[in-house]
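Residue numbers start at 1 and run along the sequence shown. As the structure is a computational prediction, the values presented were derived from the model and not from experiment.
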Amino acid sequence: MQNVKVLVVGGGPAGCLTAIELGEYEVTLIEEHPSIGFPVQCAGLISQDCFNEYTKYCKSVKKSLVNKISGAFFFSPNGKWVELEGKSKGVVIERKIFDRELLIKASEFAELKVKESFNSSFNLNKYNYIIGADGVYSSISKHFGFDAPEIYSAIQIECKFESFDSNMVELYFGKAYSDGFFAYAIPIDDFARIGVVSKSQPHIYLKNLLNKHPSVSKRINNKIIELNAGAIPIGLVDFVKDNVALIGDAAGMTKPYTGGGLFYLLRAAKI
């Protein structure tokens, strides 16, 4: 099978891990954006175990580490909270750096083409297999008629914030702060990534969190230094048709209780 040709669409972690795993074949990896890691659509919180697994693929992703997390404060709607420390620790990463280093590594195993997007006129005949690693709104998924997962919306800011503990995440629950999910604050030094994941209108719930939450509103500096928005797929879909497969967000491969997908990719890419 030395002449097997594989097209991987999407240069994020899903596409990069896939390209590395299939590196014994003739792999072409295409990415539509000129710079990987943009736009940012991830809060960057993963487990220490997950991070360690990625360093086995690419040692240089260690450059992306910006904080270590030991547990979380869980807030009820009235501002009361309980502190829990986890057995498995977490880390906060800078996705722009993380994704860039993975893409550099993947380029050792595949022919890399940036600023090249998939569309209906793309020549697929020269490839034996096609992998859609192109995210929530996957062009590969649409082209081949896959079902799409349910989509939740997310919005996040980065600003100055007085965290209770710089190594603890804060999670906020209640219908005033999310429709069906939760809000969060992830500390980085004197700053935090503060965001909301919701079925709809996350910007309204974020505004409520910043201005009305009995704890958050007293500890935040509203001078925003970064604003990000994204989408999170919820629910795995059938992800194989003939010689085409989806992986990552395109297939809804996320944890249903956090919306994170980086750990699942480690397993999915090998499979």
Side-chain angles (χ1 to χ4, degrees), residues 10-21 31 33 35-73 83-109 133 135 154 156-171 183-195 197 224-230 232 248-249 253-255 257-270:
C16 289
L17 291 189
T18 302
I20 293 170
E21 288 287 351
E31 165 57 40
H33 296 105
S35 181
I36 195 66
F38 295 92
V40 176
Q41 297 186 17
C42 175
L45 176 65
I46 59 176
S47 70
Q48 180 71 62
D49 291 341
C50 178
F51 188 65
N52 292 343
E53 286 294 315
Y54 272 94
T55 63
K56 294 177 183 179
Y57 279 91
C58 176
K59 290 182 180 179
S60 61
V61 298
K62 292 179 180 179
K63 299 176 184 177
S64 67
L65 179 64
V66 293
N67 197 13
K68 293 187 176 182
I69 300 298
S70 57
F73 296 102
E83 177 182 355
L84 296 176
E85 189 165 320
K87 292 181 180 179
S88 177
K89 306 304 180 182
V91 300
V92 184
I93 59 173
E94 181 56 69
R95 280 293 300 269
K96 293 185 284 289
I97 299 173
F98 185 84
D99 289 21
R100 181 195 68 201
E101 295 302 318
L102 277 179
L103 188 64
I104 292 171
K105 188 65 178 180
S107 68
E108 299 175 11
F109 297 84
Q156 172 183 281
I157 63 170
E158 189 167 327
C159 65
K160 278 207 167 187
F161 184 64
E162 296 178 14
S163 301
F164 285 168
D165 187 316
S166 61
N167 298 112
M168 299 281 281
V169 172
E170 297 184 16
L171 303 176
Y184 59 85
I186 301 172
I188 306 171
D189 297 322
D190 294 332
F191 293 81
R193 295 171 182 168
I194 301 173
V197 180
I224 299 171
I225 62 172
E226 189 171 317
L227 171 66
N228 304 118
I232 296 176
D249 285 355
M253 294 178 179
T254 60
K255 295 180 183 179
Y257 49 91
T258 68
L262 286 176
F263 178 78
Y264 283 5
L265 291 183
L266 293 165
R267 304 293 173 257
K270 290 182 181 295

Using side-chain heavy atoms (C-beta onward) and a distance below 4.5 Å, is [X] in contact with [Y]?
X	Y	result
Phe263	Asp49	no
Glu101	Tyr57	no
Met168	Ser70	yes
Phe191	Glu226	no

Shortest non-hydrogen separation from [X] to [Y] and the atoms involved:
X	Y	answer
Leu65	Val91	CD1-CB, 3.5 Å
Glu31	Gly10	OE1-C, 3.8 Å
Asn52	Thr55	O-OG1, 2.6 Å
Ala185	Ile194	CB-CG1, 4.0 Å
Ala154	Ile232	CB-CD1, 4.3 Å
Ser166	Pro187	O-CG, 3.3 Å

Worksheet entry | Partners meeting ring pair (Phe, Tyr, Trp, His ring centres under 6.0 Å) with Tyr184 (sequence neighbours left out) |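 Testing Tyr184 for ring pair (Phe, Tyr, Trp, His ring centres under 6.0 Å), a comparison that skips the adjacent residues, returns none.
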
Discussion item. Could you work out, with ring pair (Phe, Tyr, Trp, His ring centres under 6.0 Å) as the rule, every residue matching Tyr264, not counting sequence neighbours?
Written reply: none

Fill in: Within 6.0 Å of NZ in Lys59, more than 12 heavy atoms from elsewhere
no

If you round to the nearest 0.5 Å, how far is [atom2] of [Y] from [atom1] of [X]?
X	Y	atom1	atom2	answer
Ser64	Ile46	OG	CD1	7.0 Å
Asp165	Glu85	CG	CD	9.0 Å
Ser107	Lys105	OG	NZ	9.0 Å
Arg100	Cys16	CZ	SG	12.5 Å
Lys62	Ile97	NZ	CD1	15.0 Å
Phe51	Leu45	CZ	CG	12.5 Å

Worksheet item: Does the side chain to side chain contact (heavy atoms under 4.5 Å, CB included) test come out yes or no for Glu53 and Leu262, once each step is laid out?
Response: CA-CA 10 Å; Glu53 286 294 315; Leu262 286 176; over 6 Å; no

Fill in: Donor-acceptor pair, side chain of Asn167 and main chain of Lys68, under 3.5 angstrom
yes

Practice prompt. Take Arg193 and Glu94 through the salt bridge (charged side-chain N to carboxylate O under 4.0 Å, His left out) test and state the conclusion after the steps.
Written response: CA-CA 11 Å; Arg193 295 171 182 168; Glu94 181 56 69; 3.2 Å; yes

Worksheet entry | All salt bridge (charged side-chain N to carboxylate O under 4.0 Å, His left out) counterparts of Lys160, not counting sequence neighbours |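 Once residues adjacent in sequence are excluded, Lys160 has no partner under the salt bridge (charged side-chain N to carboxylate O under 4.0 Å, His left out) criterion.
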
